[in-house]
Amino acid sequence: MTMTTTNDMIAASPARRRFGGGDLIGLAIILLVAVIGYFLFPNNLALLTRIIAAALLVLSLDLVTGYCGVATLGHAALFGAGAYAAGIASAHYGINDPLAMLAFGIVAGAVAGLVCGVVILRAHGLPQLVLSIALIHLFHEFANKASSWTGGSDGLSGIAPTALLGLYEFDLWGRTAYVFGVVLLAIVFLLLRLIVRSPFGMLCRGIKEDPVRIRSMGASPKIALTKMYVISGAVAGVGGALNAISTQVVGLDSLSFNMSAESLVMLVLGGTGSLFGALTGTVVFMFFEDVVSAANPFHWLTMVGALLIAVVLFAPKGLYGTAAALVARRREAK
Amino acid sequence: MQPIFEVRNLKRAFGGLAVTNDVSLSMAPGDRVALIGPNGAGKTTFVNLVTGNLRPDSGEVRIAGEPVTGVDAIGRVRRGLVRSFQVTRLFADMTPAEHVALAVLQRDGRAGRLFGNFLGMPDVMVEVQELLGKLGLKELMHRKVSEIAYGQQRLLELAVALALKPKVLLLDEPAAGVPQSDTGRIEQALADLPADLAVLMIEHDMDLVFRFAKRVIVLAAGAIIFDGSPSDVTKDPRVREAYLGSYANASHAA
Ligand SMILES: Nc1ncnc2c1ncn2[C@@H]1O[C@H](COP(=O)(O)OP(=O)(O)OP(=O)(O)O)[C@@H](O)[C@H]1O
Ligand SMILES: [Mg+2]
């Protein structure tokens, strides 16, 4: 029986380790990378802010695709809804406080998430993918046609956010926007860490593996997934609003199939089903795109393609997922 | 006493083959029933039909007197009708502790919570440890299910069903695939269940059936051919015939 007690301790230890510590480490890494980025690229903070906005979109996608197994190529609809809502609030209604614009973006993203969720979750597998593509095209076309609101293909301009908290003007160098973005990302990251480890997060992982089993436990996969879609929409809405506030224009590309597909590529590149995977994939992809397209404007797409093929073939869990698996195996071998 | 679980004239055919052929039965709280029958008799199909995993062609199911024919699988679980699966259905990437915790949280309406973690919920952990301890899974409770033996997965399958605290429990061959040395744990767990719970267990191991059941139902070719006491079942000529036809080995075991 003494055996049992030692085994209990061994069994309990990994759970303890999983609890709490990762959050602070993750937060520290995000802030560290943000600071390094600030000093390495002081003249290109706009790029870094765009990366943060994209990271929010990819995190949002990870919630439904990585954690819940929903197949979608239309996730930019949620991001675009947030961007347009924040932009329209400012350009048409004179709501120029960045936090108020952010609130509009979050709500619009959540509503778009609800709409997309209700439609996309009616199907599974390939039909689900087709529905998501149809949705993003509808959203895109709607924004294009409603040009008196959205500016159509010219884009929505006239967005003029006032100083953040009444103190920090959005300067030409994009410093305020960058710091704003970093803070938003950190807050979202911590909230999502809570959510993925919560009972609800556990329920969603169960649904991803076997929805029939979840039903036999008395839980409704559809309700849970719809809820996750709304959360995901709010997160994408933060990204969209950040984009609108920092660039002060919103274009149709923020609501495009292309952006949806790219966000999925970034997620797969980093590794699905982990918040760090989503962040890694975004940073690597966006940097690679920026560096390579500057170095070789004619063949950069070829090189991005080659990178992707290499990752999918040799690191199928994504860059972060594969690295994490290697570290775990190391640790186990000891 | 009012039956807690009733099935009336349940029918289902697959492409002309009547797999459930006019099955009726009723169980009272506290019943311990074994459902036996040769391979392919339609036992699992019966469970799928009454739990709402499969749609019957006709017939009615009642839980505590309420017809649930129009209620989906989720609603039936919430009314207290819980099943286990013959072929283990677990979440490969999750741990036994997570499985049981999820069942407990779901039962209490807390599975939708966005904050907190079950490891920090003392009431949930007490239940998790108690149930897994009873089934000998406590030492493995933080391993991934994909890393534990099949026999232990079978025990976990049972643990998930028990954690839901059902009123009617349908167990589809809970001991199949469990090493002989561990079947005692299943029996003990079943013996510890609340006295007013109605249990129907599908099982091929006749020793287990005789120790567990006060009533045996025999299904053959989709129809009930015997419903009575364990002592009478082996004497029944129709049961002998059904088993001799396709299933001579089991009658040896009996
Ligand atoms: N979805 C289905 N479609 C077609 N036929 C099916 C389906 N499910 C079951 N059957 C058939 O119904 C019959 C009964 O199957 P069932 O699984 O209910 O038997 P069982 O009594 O549980 O057998 P076992 O003891 O092997 O578990 C079998 O002939 C099987 O092939
Ligand atoms: Mg069966």
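Residue numbers begin at 1 in each chain, while the letters A, B, ... track the order of the sequences.
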Asks: Looking only at atom types and distance, does a side-chain atom of B/N117 sit under 3.5 Å from a main-chain N or O of A/R197, one as donor and one as acceptor?
Replies: yes

Asks: Roughly how far, to the nearest 0.5 Å, is CZ of B/F91 from CG of A/L203?
Replies: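 That separation rounds to 8.5 Å.
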
Asks: Who in residues 210-219 of chain A is close to chain B, using a strict under-4.5 Å heavy-atom cut-off?
Replies: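 Listed by number: A/D210, A/V212, A/R213, A/I214, A/R215, A/S216, A/M217, A/G218, A/A219.
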
Asks: Should we say atom CZ of B/R143 is surrounded by more than 12 heavy atoms from elsewhere, each under 6.0 Å from it?
Replies: no

Asks: Could you look at B/A92 and say if it's the side chain, the backbone, both or neither that has a heavy atom under 4.5 Å from chain A?
Replies: both

Asks: Taking CZ in A/F314 as the centre, count heavy atoms belonging to other residues, nucleotides or ligands within less than 6.0 Å. Is the count above 12?
Replies: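 No, CZ of A/F314 has 12 or fewer neighbouring heavy atoms, counting only those of other groups under 6.0 Å.
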
Asks: Measure across B/G116 and A/P199 and return the closest heavy-atom pair with its distance rounded to 0.1 Å.
Replies: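 Looking at all heavy atoms of both residues, the closest pair is O-CD, 3.4 Å.
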
Asks: So what's closer than 4.5 Å to chain A heavy atoms on B/A101: side chain, backbone, both or neither?
Replies: both

Asks: What residue, out of B/A73, B/G109, B/S84, B/A111, has the most heavy-atom pairs lying under 4.5 Å from chain A?
Replies: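 The residue among B/A73, B/G109, B/S84, B/A111 with the greatest pair count is B/A111.
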
Asks: Just wondering, more than 12 heavy atoms not from B/F5 lying within 6.0 Å of its CZ?
Replies: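 Yes - once you tally the heavy atoms of other residues, nucleotides and ligands closer than 6.0 Å, there are more than 12.
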
Asks: Evaluate the side chain to side chain contact (heavy atoms under 4.5 Å, CB included) criterion for residues B/L114 and A/L194: first the C-alpha distance (whole Å), next the side-chain angles of each, then the deciding distance (0.1 Å), finally the verdict.
Replies: CA-CA 7 Å; B/L114 293 175; A/L194 282 181; over 6 Å; no

Asks: Side chain to side chain contact (heavy atoms under 4.5 Å, CB included) between B/L105 and A/M202: does it pass, once the steps are laid out?
Replies: CA-CA 10 Å; B/L105 289 163; A/M202 194 158 67; 3.9 Å; yes

Asks: Go through the atoms of B/R110 and report whether side chain, backbone, both or neither lie under 4.5 Å from a heavy atom of chain A.
Replies: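 For B/R110, backbone heavy atoms alone lie under 4.5 Å from chain A.
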
Asks: Does NZ belonging to B/K167 count more than 12 external heavy atoms closer than 6.0 Å?
Replies: no

Asks: Do you know which of B/M121, B/R78, B/R107 has the most heavy-atom pairs under 4.5 Å to chain A?
Replies: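 Top count of heavy-atom pairs under 4.5 Å with chain A: B/R78.
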
Asks: In residues 223-240 of chain A, which residues are in contact with chain B at a heavy-atom separation under 4.5 Å?
Replies: A/K227, A/I231

Asks: Closest heavy-atom contact between B/F115 and A/S198?
Replies: N-CB, 3.7 Å

Asks: Between B/D93, B/V124, B/T51, who has the most heavy-atom pairs with chain A when the cutoff is under 4.5 Å?
Replies: B/D93

Asks: Count the heavy atoms of every other residue, nucleotide or ligand shown that sit under 6.0 Å from CD of B/Q180, and state whether that count exceeds 12.
Replies: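 Not buried by this count: 12 neighbours or fewer within 6.0 Å.
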
Asks: So which part of B/N53 gets closer than 4.5 Å to some heavy atom of chain A, the side chain, the backbone, both or neither?
Replies: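 Side chain only.
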
Asks: So for atom NZ, which belongs to A/K208, do other residues, nucleotides or ligands contribute more than 12 heavy atoms lying within a distance under 6.0 Å?
Replies: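 Yes, enclosed.
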
